[in-house]
Amino acid sequence: MYLTVEKALKLPALNQVEVIGGKQGLARVINSVSIMDHPDISWIKRGELLLTTGYVFKDDSDAQINLVRELSKRGSAGLAIKIKRFLSTIPPEMVEEANKYKLPLLEIPYEMPLSDLLFSFTHELVNREKVKNDGKGSFEIFHSLLSGESSSSSFPQLQEIGFNHRPYILLLINIETKEEGDSFFSIGRMLEKLNQTDKVDFKYWNIDFNGHLIILQGKGMVTDEHLLLQAERIAALLEGLITEGNPSISLTMGLSKVKKEIHNMKEGFSEAKMAIQLGPRVKSTNINDYASIEVENLINQIPKDVLTQYVLSMIEPIIVYDKENEGELLKTLETYLFSRGRIEDAARALFVHRNTVKFRLSRIEDLLGVDLKSSDLAFKLQFSIKAAKLLDD
């Protein structure tokens with residue numbers, strides 16, 4: 001559906017166009033094409049491929065280098081230059097900059113009119129847009145369900161696009177870039193790539209709904225646990241594909257709980273969104289599932305002053321101790337409780353000797369004036385530690 005520079009170059013009408021530089025950027029998506037006939041590029045839109053004879057910068061090497069740099073910054077799909085009219089060859093400085101910024105730099109042969117090239121690109125873009133729009137209406141049902149405007153009566157429409165009664169999970173992706181024009185990727189293309197491998201077995205619907213939203217369904221009859229594990233794996237694979245070669249990207253992902261009814265889709269979206277908002281505050285991971293932070297979500301609804309007072313009453317002494325001594329008593333206590341009181345397991349998780357854990361636990365008991373073997377106390381301490389993370393903003 002998406003026309004990338006790489007796909008465009010495989011069209012019969014463009015088989016004489018060569019890639020001179022920026023080959024790493026061939027996955028850039030072309031949204032439009034235009035011919036450059038003046039030095040001002042402030043009108044260039046994201047995803048626009050620029051065609052030119054090079055006349056406006058033929059005698060200015062600084063302008064040649066700056067053009068590549070600015071096109072990349074603006075998110076251009078690439079630059080195609082017709083040679084042997086004003087430039088005998090594409091200057092090596094431009095090739096170097098194109099490689100640096102991963103901007104496709106194309107060489108158009110002298111005998112190929114720019115008007116023919118423009119027509120070929122435009123024709124292909126129009127055809128792809130038509131295909132895209134033909135299927136657009138069927139996806140509107142997802143928007144209605146996510147907004148809570150439709151119910152189970154919408155199922156026949158979902159069946160038309162392959163959605164069935166099997167359980168599903170919503171994956172929401174939030175992407176931020178530090179510099180404009182630095183990231184060039186298509187979630188849809190990446191999903192296509194994953195779905196064509198033997199690594200995963202899933203159906204998906206990629207929807208533009210308050211961000212990149214993906215609805216995942218397993219192709220076979222799977223358990224809820226297996227579906228969640230599969231969704232987490234897909235999220236991890238997507239994370240690798242998105243961040244590869246894009247160091248300026250800041251990415252977070254949120255997974256809903258497994259849903260079994262289509263009227264739960266709005267609820268699932270809220271869960272995925274909450275996983276993105278709350279997950280990074282309690283875990284040092286980019287991918288969070290709502291099930292793992294559901295308790296934190298409930299805690300987060302308690303008034304902050306009430307929560308603060310409770311946390312201080314339970315674990316303030318070890319919080320103060322850690323700050324004053326650069327200690328790890330709170331981390332040790334959390335790991336010990338998570339290990340269900342098994343010192344050996346806690347020591348392995350902390351990468352320390354069991355005697356170190358025993359010493360720290362003894363210090364914790366002294367500071368708090370408690371017996372950690374009390375089962376009632378364990379829940380209160382776990383609750384306090386979770387709350388402390390939410391308060392530590």
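All values below come from the heavy atoms of this structure, side chains included, with hydrogens, waters and symmetry mates left out.
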From [X] [atom1] over to [Y] [atom2], what is the distance, rounded to the nearest 0.5 angstrom?
{"X": "Ile385", "Y": "Phe338", "atom1": "CD1", "atom2": "CZ", "result": "12.5 Å"}
{"X": "Leu330", "Y": "Ile318", "atom1": "CG", "atom2": "CD1", "result": "5.0 Å"}
{"X": "Leu333", "Y": "Ile364", "atom1": "CG", "atom2": "CD1", "result": "4.5 Å"}
{"X": "Asn174", "Y": "Thr252", "atom1": "CG", "atom2": "OG1", "result": "4.0 Å"}
{"X": "Gln277", "Y": "Leu172", "atom1": "CD", "atom2": "CG", "result": "9.5 Å"}
{"X": "Gln16", "Y": "Leu117", "atom1": "CD", "atom2": "CG", "result": "10.5 Å"}

Checking [X] side chain against [Y] main chain: does a donor-acceptor pair fall under 3.5 Å?
{"X": "Ser76", "Y": "Ser72", "result": "no"}
{"X": "Arg281", "Y": "Leu390", "result": "yes"}
{"X": "Ser362", "Y": "Lys358", "result": "no"}
{"X": "Asn99", "Y": "Gly22", "result": "yes"}
{"X": "Glu316", "Y": "Ser313", "result": "no"}
{"X": "Thr356", "Y": "Val352", "result": "no"}
{"X": "Asn325", "Y": "Tyr321", "result": "yes"}
{"X": "Thr52", "Y": "Gly54", "result": "yes"}
{"X": "Ser147", "Y": "His143", "result": "yes"}
{"X": "Asn66", "Y": "Asp62", "result": "no"}

Does some side-chain heavy atom of [Y] sit less than 4.5 Å from a side-chain heavy atom of [X]?
{"X": "Leu307", "Y": "Phe383", "result": "yes"}
{"X": "Leu372", "Y": "Leu381", "result": "yes"}
{"X": "Met314", "Y": "Leu368", "result": "no"}
{"X": "Ser32", "Y": "Leu49", "result": "no"}
{"X": "Thr53", "Y": "Ile81", "result": "no"}
{"X": "Asn31", "Y": "Lys45", "result": "no"}
{"X": "Ile293", "Y": "Tyr290", "result": "yes"}
{"X": "Thr308", "Y": "Tyr310", "result": "no"}

Other residues, nucleotides and ligands only: do more than 12 of their heavy atoms fall within 6.0 Å of [atom1] on [X]?
{"X": "Gln301", "atom1": "CD", "value": "yes"}
{"X": "Glu225", "atom1": "CD", "value": "no"}
{"X": "Gln309", "atom1": "CD", "value": "no"}
{"X": "Arg85", "atom1": "CZ", "value": "no"}

Check your understanding: Does the side chain to side chain contact (heavy atoms under 4.5 Å, CB included) test come out yes or no for Glu365 and Leu361, once each step is laid out?
Key -> CA-CA 6 Å; Glu365 287 182 325; Leu361 294 176; 5.6 Å; no
Is [Y] reachable from [X] through a run of hydrophobic residues whose side-chain heavy atoms are each under 4.5 Å from the next?
{"X": "Ile30", "Y": "Phe119", "value": "no"}
{"X": "Val56", "Y": "Ile83", "value": "yes"}
{"X": "Leu329", "Y": "Val320", "value": "no"}

Check your understanding: Would Asp289 and Glu232 count as a side chain to side chain contact (heavy atoms under 4.5 Å, CB included) if you check the C-alpha gap in whole Å, the side-chain angles of each, and the deciding distance to 0.1 Å?
Key -> CA-CA 8 Å; Asp289 65 284; Glu232 288 174 340; 3.5 Å; yes
Check your understanding: Relative to the ring of Phe142, is the ring of Trp205 parallel (under 30°), tilted (30 to 60°) or perpendicular (over 60°)?
Key ->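 Tilted: the ring planes of Trp205 and Phe142 meet at 30° to 60°.
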Would you say the side chains of [X] and [Y] form a donor-acceptor pair under 3.5 Å?
{"X": "Gln217", "Y": "Asn164", "result": "yes"}
{"X": "Asp371", "Y": "Ser374", "result": "no"}
{"X": "Asp345", "Y": "Tyr336", "result": "no"}

Exercise for review: May I have the step-by-step check of side chain to side chain contact (heavy atoms under 4.5 Å, CB included) for Leu50 and Leu71, ending in yes or no?
Suggested key: CA-CA 9 Å; Leu50 190 61; Leu71 286 176; 4.1 Å; yes
Check your understanding: Between Glu334 and Lys331, is there a side-chain N and carboxylate O pair less than 4.0 Å apart?
Key ->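 Salt bridge: no.
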Check your understanding: What do the steps show when you test Lys273 against Ile276 for side chain to side chain contact (heavy atoms under 4.5 Å, CB included), and what is the final call?
Key -> CA-CA 5 Å; Lys273 189 175 181 180; Ile276 284 180; 5.9 Å; no
Exercise for review: Using the side chain to side chain contact (heavy atoms under 4.5 Å, CB included) rule, pick out the option among Gln24, Glu97, Arg28 that qualifies with Leu103.
Suggested key: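 The passing option is Arg28.
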Point to revise | Candidate pair Lys259 and Glu271, rule salt bridge (charged side-chain N to carboxylate O under 4.0 Å, His left out), full reasoning | key: CA-CA 11 Å; Lys259 300 298 170 186; Glu271 292 175 353; 2.9 Å; yes
Point to revise | Worked verdict on Glu294 versus Lys257 for salt bridge (charged side-chain N to carboxylate O under 4.0 Å, His left out) | key: CA-CA 10 Å; Glu294 191 169 12; Lys257 294 170 68 174; 3.3 Å; yes
Exercise for review: Tell me, please, whether Tyr110 has Lys82 positioned over its six-membered ring: NZ or CZ under 6.0 Å from the ring centre and within 45 degrees of its axis?
Suggested key: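 Yes, Lys82 sits over the ring of Tyr110.
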